[in-house]
There are 2 protein chains.
Amino acid sequence: MSDADDAGHRRAGRPLETVLTRPRITAAALRLIGATGYESFTMSGLARSLGVAPSALYNHAASKQVVLQWLQDHVMTMVDVAGFGAEPWDTALRRWAWSYRDIFATHVPLISIMAVLPVTGAPQTLRMYETVAAGLASARVPTAQIVPSIVALESFIFGSAFDVAAPADIFETGALAESSPIFSAAVRQGEQIQGKARADVAFEFGLEALVDRIGRLRRP
Amino acid sequence: MSDADDAGHRRAGRPLETVLTRPRITAAALRLIGATGYESFTMSGLARSLGVAPSALYNHAASKQVVLQWLQDHVMTMVDVAGFGAEPWDTALRRWAWSYRDIFATHVPLISIMAVLPVTGAPQTLRMYETVAAGLASARVPTAQIVPSIVALESFIFGSAFDVAAPADIFETGALAESSPIFSAAVRQGEQIQGKARADVAFEFGLEALVDRIGRLRRP
DNA sequence: ACCTGAACACCGTTCAAGT
DNA sequence: ACCTGAACACCGTTCAAGT
């Protein structure tokens with residue numbers, strides 16, 4: 001029975017709990033978006049996938065926005081923080097950053113929600129911050145510099161997640177190449193780099209810049 | 001007459017050109033969004049502000065998305081690139097980056113459009129890239145490193161623009177402070193920094209890291 | 001307490017009919 | 001060539017009526 005894990009929530013005299021719990025709605029939303037993407041994700045579709053009427057959802061989630069907030073916090077548990085406490089601080093930080101970028105590259109619409117959602121409403125997000133902050137603290141980064149370091153990394157990660165979704169030829173100047181000779185030449189040169197996607201080259205460059213700077217904040 | 005600048009487009013025998021040109025639609029959209037924000041920006045509202053029926057817009061713009069693309073490219077002309085060629089390369093770069101962030105902080109919904117729109121469809125955006133690329137080239141940044149440098153800066157700028165829009169207390173852990181002692185302490189310490197907004201402190205930190213790294217790419 | 005079905009208040013977009 | 005007005009195909013959300 002897939003209900004077994006919900007037994008604790010069941011009240012006496014009620015043989016079956018409703019299917020519309022936060023974890024189940026979140027899981028259904030994640031599945032649906034994985035299958036058909038964010039553009040076609042509707043409350044109607046979500047309800048259909050759960051076998052209920054659309055209006056039933058509103059007994060459990062106040063709005064579509066709230067469902068997306070649940071999803072955002074859930075997605076955060078997929079970010080790889082296993083390096084902290086197990087690897088050197090900078091290795092752990094790189095591993096975290098790459099995984100964070102990759103996950104939000106496949107969940108771009110969650111970025112705008114994440115960026116303005118207070119951590120009080122997102123416990124898993126807070127868990128992640130705590131782990132990263134602990135990693136920086138034990139690397140002897142001064143306490144006052146921890147939040148700016150995380151925010152700078154996170155801003156770079158969010159922006160880079162957008163960039164992953166961009167078409168490969170986004171910088172091809174085409175017919176306008178004559179009016180932008182220097183940039184066009186730079187784009188051509190950049191293509192020469194073998195085996196690495198443009199977005200990955202830029203992400204590595206920026207990430208190394210930030211990691212290096214954070215390293216120089218460390219107390220002796 | 002505000003029509004004077006449109007004289008070149010006017011055909012003989014037609015006393016008045018339509019009001020629905022790309023620059024006029026763009027200007028109206030910018031005015032409307034400045035007044036009431038992106039959330040309430042609709043094709044109906046845009047049409048009303050131009051004195052036409054909503055359907056009339058579709059003779060000139062294929063979709064709302066296209067109007068937003070026009071707007072994105074227009075907004076790009078407001079980014080301050082005057083430092084390039086007039087100031088040291090790093091001063092010009094900082095000036096450009098701050099102004100770029102500030103503008104997109106007030107036009108957050110354009111970020112997702114910008115991030116995936118090919119430059120061929122955005123001539124003003126391309127102009128900006130050319131100016132920045134020229135600035136880096138005359139600072140003797142190797143050609144192959146120019147695009148990764150710009151992309152890394154831009155990703156950081158976009159992510160930081162989101163952060164500006166975040167509520168000031170986004171990191172206040174409240175009742176969850178016990179489960180996140182290190183992060184909560186870091187947030188409290190971060191607040192001590194006098195006179196500067198949290199988002200600005202993080203932006204400065206990250207920007208200096210990137211500018212520093214770009215500086216180290218320069219050929220002698 | 002929680003579900004259904006119908007309805008509401010919007011959206012963006014299309015299209016026949018006009019000039 | 002370009003506008004109007006009506007219509008269409010959705011959305012998210014509300015709410016009375018049921019159990």
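Chain naming here is simple, since letters A, B, ... match the order of the sequence lines and numbering starts at 1 in each.
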Nearest non-hydrogen partners of B:Phe84 and B:Ala92, listed with the distance: N-CB, 3.6 Å

Could you check how far [atom1] of [X] sits from [atom2] of [N], rounded to whole Å?
X	N	atom1	atom2	answer
A:Tyr38	D:dC11	OH	C1'	19 Å
B:Leu50	D:dT4	CG	C1'	16 Å
A:Leu46	D:dC11	CG	P	13 Å

Watson-Crick/G-U partner (both atom distances under 3.5 Å) of C:dT13: D:dA7

Partner nucleotide of D:dT19 by Watson-Crick or wobble geometry (both distances under 3.5 Å): C:dA1

Rounded distance (nearest 0.5 Å) linking atom CG of B:Asp163 with atom CD1 of B:Ile170: 7.0 Å

Single hit among B:Trp98, B:Phe203, B:Phe162 for ring-ring contact (aromatic ring centres under 6.0 Å, His included) with B:Phe156: B:Phe203

Test item: B:Thr106 side-chain N/O and B:Ile103 main-chain N/O as donor-acceptor pair under 3.5 Å: yes

Interface with DNA chain D, restricted to residues 53-66 of chain B and to heavy atoms under 4.0 Å: B:Ala53, B:Ser55, B:Ala56, B:Asn59, B:His60

Side-chain ion pair, A:Arg198 and A:Asp169, N-O less than 4.0 Å: no

B:Asp200 with B:Arg101: basic N within carboxylate O range, under 4.0 Å: yes

Closest listed nucleotide, where the reference is the side chain of A:Met43 and the choices are C:dG12, C:dT4, D:dG12: D:dG12

